[in-house]
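Data block below; observations after.
Side chains are part of it too, since the values below use all heavy atoms of this structure and drop only hydrogens, waters and symmetry mates. Counting from 1, the numbers follow the sequence of the chain as shown.
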Amino acid sequence: MSIAEKIRSRRPKAGGKQVKLNLVQIDFWSAVKVGFVIQLALAVANIVGFFVLWLVLVNTGLFSGLNGLINGVIGGSGEDIGASLSLPRVMSFAVALSVFNIVAGTLLSGVVAAIFNVIARITGGVSVGFTNN
């Protein structure tokens, strides 16, 4: 027996046992809990993203450039954009947006689970195939 034949004989056989299952129900509270955790992670990413974006805008001098553009070209009233978009104001907006997203996303995940359960009762669910390798 050659080395190649020995290696082929050690490999698992292709085409293991196949199982077809139907997904006919999603537990409502499990969907709500998973939706909440996902929205919580996205909220943290949202807050960190707003902070990093604010840092980039301040350190690149974009606020002062916008002040010069508004006051010089457009003839603005001399309003300071950097003061208007201060860190506390930006972060409070980010937190408020994140709280809204957590509440709305959690509710939406529950609604989607309930709608899936109604549709699955009518159609018999979603067929899912698994293979044991």
Margin query: Is there a continuous path of hydrophobic side-chain contacts, each under 4.5 Å between heavy atoms, that joins F93 to W54?
Written below: yes
Notebook entry, point to check: Is there a side-chain contact between V95 and F50, using heavy atoms and a 4.5 Å cut-off?
Noted result: no
Next item on the list: Keeping to residues at least two apart or across chains, list the side-chain hydrogen bond (donor to acceptor under 3.5 Å, both in side chains) pairs with something in residues 99-127.
Entry: none
Check: Can you get from L23 to V112 by hopping between Ile, Leu, Val, Met, Phe, Trp and Tyr side chains that sit under 4.5 Å apart?
Finding: no
Check: In terms of hydrophobic clustering (I, L, V, M, F, W, Y; side-chain heavy atoms under 4.5 Å; direct or indirect links), are L108 and I119 co-clustered?
Finding: no
Checklist line | side chain to side chain contact (heavy atoms under 4.5 Å, CB included) against S84, all qualifying residues, sequence neighbours excluded | finding: E79, R89
Notebook entry, point to check: For the atom pair CZ (F51) and CE (M91), what is the distance rounded to the nearest 0.5 Å?
Noted result: 7.0 Å
Checklist line | Smallest separation among heavy atoms of V126 and F116, with atom names | finding: CG2-CE1, 3.7 Å
For residues 24-49, dump all side-chain donor-acceptor pairs below 3.5 Å to protein atoms at least two apart in sequence or in another chain.
unit_1: D27; atom_1: OD2; unit_2: S30; atom_2: N; d: 3.3
unit_1: D27; atom_1: OD2; unit_2: S30; atom_2: OG; d: 2.9
unit_1: N46; atom_1: ND2; unit_2: S98; atom_2: OG; d: 3.2

Next item on the list: Decide side-chain contact (heavy atoms from CB on, under 4.5 Å) for I102 and F100; before the verdict, give the C-alpha distance in whole Å, the side-chain angles of both, and the deciding distance to 0.1 Å.
Entry: CA-CA 5 Å; I102 288 172; F100 174 76; over 6 Å; no
